[in-house]
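Note that this is a predicted model, so its numbers are computed, not measured. Order of the sequence lines fixes the chain letters, A, B, ..., with proteins taken first and strands second; residue numbering starts at 1 for each chain.
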Protein chains: 2
Amino acid sequence: MAVSARRGAPLTLEEISSTALRLMDEGGVEGLSMRKLAAELSVNPMSLYHHVDNKEALIRLICSTAAQRMELPPDDGSPWQDQLRALALAYHRNALEHPAMWHHLHNHPEIIADRGLVIWQTLYRILRLAGLPEQELRRTSDVLHAFVTGFVIAETTGHLPPDEVERDFDTAIKLIIGGLAGMSGLSG
Amino acid sequence: MAVSARRGAPLTLEEISSTALRLMDEGGVEGLSMRKLAAELSVNPMSLYHHVDNKEALIRLICSTAAQRMELPPDDGSPWQDQLRALALAYHRNALEHPAMWHHLHNHPEIIADRGLVIWQTLYRILRLAGLPEQELRRTSDVLHAFVTGFVIAETTGHLPPDEVERDFDTAIKLIIGGLAGMSGLSG
DNA sequence: ACCTGAACACCGTTCAAGT
DNA sequence: ACCTGAACACCGTTCAAGT
């Protein structure tokens, strides 16, 4: 009662970031404020700063942990076209769960810039399968990632007709696969 | 002196939106606040509300006028591949001038949802040239727009290596053109 | 080590009042 | 018609103080 007035257990980083993510899911980026988050945790707003540098760092934390936890398709030996589609579907599903987080991720790509992350490793693996030369991997993966997040944002902002999104998704994938297939004979 | 204390001429909507755009260009969306904008115009913050409903409406105004003023490639009879590239370049150049505006536009696509706008008409024209069936125009233009804005955001957020953006742009265009070429024989 | 209250410098916006 | 000042309900964050 002396240390933490209204709470039994002490605050944890996990608890902070998971409720923060929930607030973002519910009300967008503007739905998350340090003060609301503190209220949700029955804690003084300033207590949060003992676990997190500032709001930006908190959002960065949310985004990078969520990106790391994303379920990605394993290499099951199926054709690269199918694996690419499965990867895009993974993006797609995650974005529907956490639209606001993806918006932020899209506007702050440096958060997942690390090429060691599973998302990039998975994409690299698939592009190699598709026959892309090694020196084109960075470039092509960047372009594809930008394309797919662009699509997924359009989708979650309600831009696309809701009853058409599945076919729009098919068109997007078909475009990408067709484009990649035509890139086998790249000169550089 | 009685009516407008520190200004000679009365406030105009044009004046408001152009300085607001400049503030966004200089400092991002967070660089634009109603109070800073008013200070920039040497006017009371509340005067703005006489010309604009609220901040959101102001940004919407900025975006839609800028989108309408965008310089788009005319139909010069050149192959659709060249015209598509020219259109993408127009997006690209505009985005470098007004990155914050494009971020907002990308996150609020409803602002340019109207298919009568020149951007859409231009894209439709090029896709028709490429041999796309009429019932695929809406879908394909949506996907391409999402792709290109996605790429352009990645570019303006500094995600792509600065000395590689040109070749990345080429890869993006090549992917799209290749994908479109493979879509001529669509069943539906 | 962890939490807190008061305070600072900001926001967007409403509303009643001025000319 | 156009502009204003005071006020309200919010922000993120610092800092000194508490246990």
How long is the span from the CG atom in B:Asn107 to the NE2 atom in A:His106, to the nearest 0.5 Å?
8.5 Å
May I have the distance from B:Ile16 (atom CD1) to D:dC2 (atom P), rounded to whole angstrom?
11 Å
What is the separation between atom CG on B:Leu48 and atom P on C:dT14, rounded to the nearest whole Å?
13 Å
Nucleotide of D:dG12, D:dC3, C:dC3 approaching A:Met34 most closely (side-chain heavy atoms):
D:dG12
Rounded to the nearest 0.5 Å, what's the gap from CD on B:Glu134 to OH on B:Tyr124? Could you check?
8.5 Å
Residues A:Arg60 and A:Ile111: closest non-hydrogen pair is CG-CG1, 3.6 Å
Please tell me which of the listed nucleotides, C:dC3, C:dC15, C:dT4, lies nearest to the side chain of B:Met46?
C:dC15
A:Leu13 CG to C:dC2 P: how many Å, rounded?
11 Å
With a 6.0 Å cut-off on ring centres, are A:His108 and B:His159 close enough?
no
Point-to-point distance, once rounded to the nearest 0.5 Å, from CG of A:Leu23 to OG of A:Ser33
8.0 Å
Determine which bases of DNA chain D form Watson-Crick or G-U wobble pairs with both distances under 3.5 Å, and write the result as a 5' to 3' dot-bracket string with | for other-strand partners.
||.|||||...|||||.||
Just to confirm, is there a sub-4.0 Å distance from OP1 or OP2 of D:dC2 to any side-chain nitrogen or oxygen of B:Ser47?
no
Can the ring centroids of B:His145 and B:Tyr91 be said to lie less than 6.0 angstrom from one another?
yes
Atom CG of B:Leu11 and atom C1' of D:dT4 are separated, to the nearest Å, by 13 Å
Of the options D:dG12, C:dC3, C:dG12, whose atoms approach the side-chain atoms of A:His50 most closely?
C:dC3
From OH of A:Tyr49 across to C1' of D:dC15 the rounded distance in Å is 13 Å
Are B:His51 and D:dC3 close enough that a side-chain N or O sits under 4.0 Å from OP1 or OP2?
yes
Under a 4.5 Å side-chain heavy-atom rule over Ile, Leu, Val, Met, Phe, Trp and Tyr, are B:Ile153 and B:Leu96 clustered together?
no
Please determine, by modelled atom types, if A:Gln83 and A:Arg125 share a side-chain donor-acceptor pair under 3.5 angstrom.
yes
What is the distance, to the nearest angstrom, from the CG atom on A:Leu37 to the P atom on D:dC10?
17 Å
Approximate separation, where rounding is to 0.5 Å, of B:His103 NE2 and B:Met24 CE:
9.5 Å
Using heavy atoms and a sub-4.0 Å distance, could you list which residues of residues 53-65 of chain B are near DNA chain C? By number, please.
B:Asn54, B:Lys55
